[in-house]
**Q** 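Handing you this structure, nothing more for now.
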2 protein chains.
Amino acid sequence: MKKTIYESPYVTADTVIFTIQDNELKVLLIKRTNPPFKDYPALPGVFLLKNESARDAAVRALQTKAGLPRQVKAGVKVGYLEQLYTFDSRFRDPRGHTISITYFALVPHDSLKINQNKKLQSPKLYPLNKPGHLAFDHKEIISLALMRLHSKLQYTNVVYSLLPKYFTLFELQNTYEIIFGKKLDKRNFRKKYLSLGLIKSTRMRREGIRQRPAQLYEFRSRKPEALKKFF
Amino acid sequence: MKKTIYESPYVTADTVIFTIQDNELKVLLIKRTNPPFKDYPALPGVFLLKNESARDAAVRALQTKAGLPRQVKAGVKVGYLEQLYTFDSRFRDPRGHTISITYFALVPHDSLKINQNKKLQSPKLYPLNKPGHLAFDHKEIISLALMRLHSKLQYTNVVYSLLPKYFTLFELQNTYEIIFGKKLDKRNFRKKYLSLGLIKSTRMRREGIRQRPAQLYEFRSRKPEALKKFF
DNA sequence: CCAAAAGTGTTGACTGTACACCCATGT
DNA sequence: ACATGGGTGTACAGTCAACACTTTTGG
């Protein structure tokens, strides 16, 4: 078949995982142990195996490079995972033409247990605003992922994938504030969000802290859906 | 390098070109001359050449399979071209694992001169609603492209790429009506569209038809931009 | 009782939508 | 003269943004 005429480029899958930690939006990166870009931070990624789908490869990268638990496979622990874009410039990898099918993931911080293991490439959460150089075109990939995050939050319910099962309205509001980088009005936020019908209140309250306890809410559905109205 | 360990999948670029003809939204398809799926309609696509970018390959497919003129290269004649999605299922091509980086294009019908040539694979415009089987997963690709078209029209100015340089407000409105499949109110449409500031009126009018001549408008800019407000 | 966050309504500005008639031209 | 699409304004409803005080708890 064509293989004899056309020499395929190499194909990798790289994933941008976002999570919120310490009131900051962070990305999971590893440190490269081999050239090119040895010692630079990079997105966890792998070359596709024969007959492996890009999505499976993306998940495999999360397990083998970033030390995420196996359940990732079933989608249990990664709140959200979707294809982002395919980067295919001839010059993005000095080793030869390598296209990267990139993925975009959201994980609630409390379920992101990063396995620290000698065999892994020191996966760590990096704040987004710190400049610093990254391997390959990974900075560009992350900035595209950030744009995607912004727009997804505006017309879908995927915030659920950054929050634990139960959360307060303020924690929800805070998530938006961190990601969009601006303060929102508490009353307007509650009114609007409750009117979307995405969440329902539980009888539980967040207790044991020294203020008035807040009511806990949960999402009616934790499957991605488009909103009728914009958030 | 990795090539010895990982066997790359084949890589193709396939393009969904939309245009409006006879008050209908249509896609440009070719008829396959070889198995698999011989004689089925398919998106124009090619295997990537060594070191060729996917976008260049997509354009090459338009030229060599669909007979579009050379200017396509410079982006002159294709109003709009963007990457759509990468389809990578192991099973989409019976010949072996073949990933397809798909593109999404909009062309004004009057600048789409389809070259009919024995060497080409009978490119034709197909109405979108006709069912009929397509090669590979191309039906799925087209339906994703259609969704993308709908959303792009709502938050960007890319309609310009379906219209000739000068057009009447009614022609513009009609384009939206065809794509969204519903009638719009003339007065509201004009008010809203003019308030977006994307178009400006010219002194010219559409003459020689048997009604009152309509004013011709043109886009201020024919570069893709996101709208501040939704359309 | 004090600190800290929780919770709660109203108003004015703006935006979207529904709706009907006269106008200019070619035949 | 008539058929055809071109062109125009108003009123109501819904949505968005701005804004401040009382409540509940732990310490």
Side-chain angles (χ1 to χ4, degrees), chain A residues 20 22-23 150-151 153-155 157 159 163-164 166-178 180-218 226-231, chain B residues 20 22-23 150-151 153-155 157 159 163-164 166-178 180-218 226-231:
Chain A
I20 288 180
D22 303 331
N23 284 329
H150 283 162
S151 54
L153 282 199
Q154 307 222 26
Y155 69 93
N157 63 346
V159 224
L163 290 162
Y166 300 109
F167 53 89
T168 67
L169 273 178
F170 184 68
E171 286 160 0
L172 178 61
Q173 176 177 343
N174 216 239
T175 304
Y176 281 92
E177 289 179 343
I178 290 165
F180 291 112
K182 66 175 177 199
K183 288 287 172 199
L184 300 172
D185 179 88
K186 189 169 37 156
R187 279 171 294 190
N188 292 339
F189 180 85
R190 287 164 177 250
K191 223 181 315 170
K192 193 155 148 195
Y193 216 93
L194 290 171
S195 80
L196 293 176
L198 296 176
I199 57 176
K200 60 181 181 205
S201 69
T202 67
R203 282 293 160 82
M204 293 173 284
R205 294 188 300 164
R206 171 119 323 150
E207 314 211 28
I209 39 180
R210 80 179 175 299
Q211 317 86 331
R212 172 173 177 179
Q215 180 135 199
L216 292 176
Y217 288 80
E218 65 180 322
L227 271 48
K228 302 253 164 55
K229 304 252 129 195
F230 248 51
F231 164 66
Chain B
I20 288 179
D22 302 333
N23 284 328
H150 282 162
S151 55
L153 282 200
Q154 307 221 25
Y155 69 93
N157 62 347
V159 224
L163 290 162
Y166 301 108
F167 52 88
T168 67
L169 274 178
F170 184 68
E171 287 160 359
L172 179 61
Q173 178 177 340
N174 215 238
T175 303
Y176 281 92
E177 289 180 343
I178 290 165
F180 291 113
K182 67 176 177 201
K183 288 285 169 197
L184 300 173
D185 179 88
K186 189 170 35 158
R187 278 170 294 190
N188 293 339
F189 180 85
R190 286 164 177 252
K191 224 183 314 168
K192 192 154 147 196
Y193 216 93
L194 289 171
S195 81
L196 293 176
L198 297 177
I199 57 177
K200 61 181 181 205
S201 68
T202 68
R203 281 294 160 83
M204 292 173 284
R205 294 189 300 164
R206 170 120 322 151
E207 314 211 27
I209 39 180
R210 79 179 174 297
Q211 316 89 332
R212 171 175 177 178
Q215 180 137 198
L216 291 176
Y217 289 80
E218 65 179 323
L227 271 48
K228 302 253 163 54
K229 304 252 125 192
F230 250 51
F231 164 66

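Naming convention: chains lettered A, B, ... in sequence-line order (proteins, then strands); numbering from 1 in each chain.
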**Q** Should the side chain of K192(B) and the base of dG16(C) be counted as holding a donor-acceptor pair, with the cut-off at 3.5 Å?
**A** no
**Q** Measure CG/L194(A) against P/dA6(C) and give the value in whole Å, please.
**A**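 Nearest whole value for this atom pair: 14 Å.
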**Q** With a cut-off of less than 4.0 Å, is there a side-chain N or O of R212(B) near OP1 or OP2 of dC22(C)?
**A**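 Answer is no, no contact under 4.0 Å.
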**Q** Atom NZ of K186(A) to atom C1' of dG9(C): distance rounded to whole Å?
**A** 14 Å
**Q** With nearest nucleotide decided by heavy atoms, which residue, E207(B) or P213(A), maps closer to the 5′ end of DNA chain C?
**A** P213(A)
**Q** Taking for each residue the nucleotide of DNA chain D bearing the nearest heavy atom, is the 5' side occupied by N188(A) or by I209(A)?
**A** N188(A)
**Q** Taking CG from L172(B) and C1' from dG6(D), how many angstroms apart are they, rounded to a whole number?
**A** 15 Å
**Q** For the pair made of CZ in F189(B) and P in dA18(C), what is the distance, rounded to whole Å?
**A**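 About 16 Å, once rounded to whole Å.
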**Q** Suppose we call a contact any N or O donor and acceptor under 3.5 Å apart; does that hold for the side chain of R210(A) and the base of dT25(D)?
**A**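 Answer is no: no donor-acceptor pair is held.
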**Q** In whole Å, what is the span from the CD atom of Q154(B) to the P atom of dG16(C)?
**A** 12 Å
**Q** Is there a donor-acceptor contact under 3.5 Å from the side chain of E218(B) to the main chain of T202(B)?
**A**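 No, the answer is negative, given that no donor and acceptor are paired below the 3.5 Å cut-off.
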**Q** Specify the separation, in whole Å, of atom CZ of F170(A) and atom P of dA4(C).
**A** 14 Å
**Q** With side chain to side chain contact (heavy atoms under 4.5 Å, CB included) as the test, would you mind laying out the steps for L184(B) and Y193(B) before giving the verdict?
**A** CA-CA 12 Å; L184(B) 300 173; Y193(B) 216 93; over 6 Å; no
**Q** Would you say the base of dA6(C) and the side-chain of R190(A) have a donor-acceptor pair closer than 3.5 Å?
**A**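 Such a pair does not exist between side chain and base.
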**Q** Any donor and acceptor pair, going by atom type alone, linking the side chain of E171(A) with main-chain N or O of L163(A) inside 3.5 Å?
**A** no
**Q** Report yes or no: is there a donor-acceptor pair, N or O only, under 3.5 Å between the side chain of R187(A) and the base of dA20(D)?
**A**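 Between dA20(D) and R187(A), which were checked side chain against base, a qualifying N/O pair under 3.5 Å is present.
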**Q** Atom CD of Q173(A) and atom P of dG7(C): how far apart are they, to the nearest Å?
**A** 12 Å
**Q** Please give me the minimum heavy-atom distance between Q215(B) and R205(B), naming the atom from each residue.
**A**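 Answer, listing the atom of Q215(B) first, then R205(B): CA-CG, 4.1 Å.
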**Q** Using a 4.0 Å heavy-atom cut-off across all strands, classify R206(B) as base, sugar-phosphate, or nothing.
**A**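 Contact class for R206(B): none.
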**Q** For F231(B) and F189(B), take the angle between the two ring planes, folded into 0 to 90°, and tell me which bin it lands in: parallel under 30, tilted 30 to 60, perpendicular over 60.
**A** perpendicular
**Q** Is there a donor and acceptor pair, one atom on the side chain of K191(A) and one on the base of dT15(D), closer than 3.5 Å?
**A** no
**Q** Take atom OH of Y217(A) and atom P of dA6(C), then tell me their distance rounded to the nearest Å.
**A** 11 Å
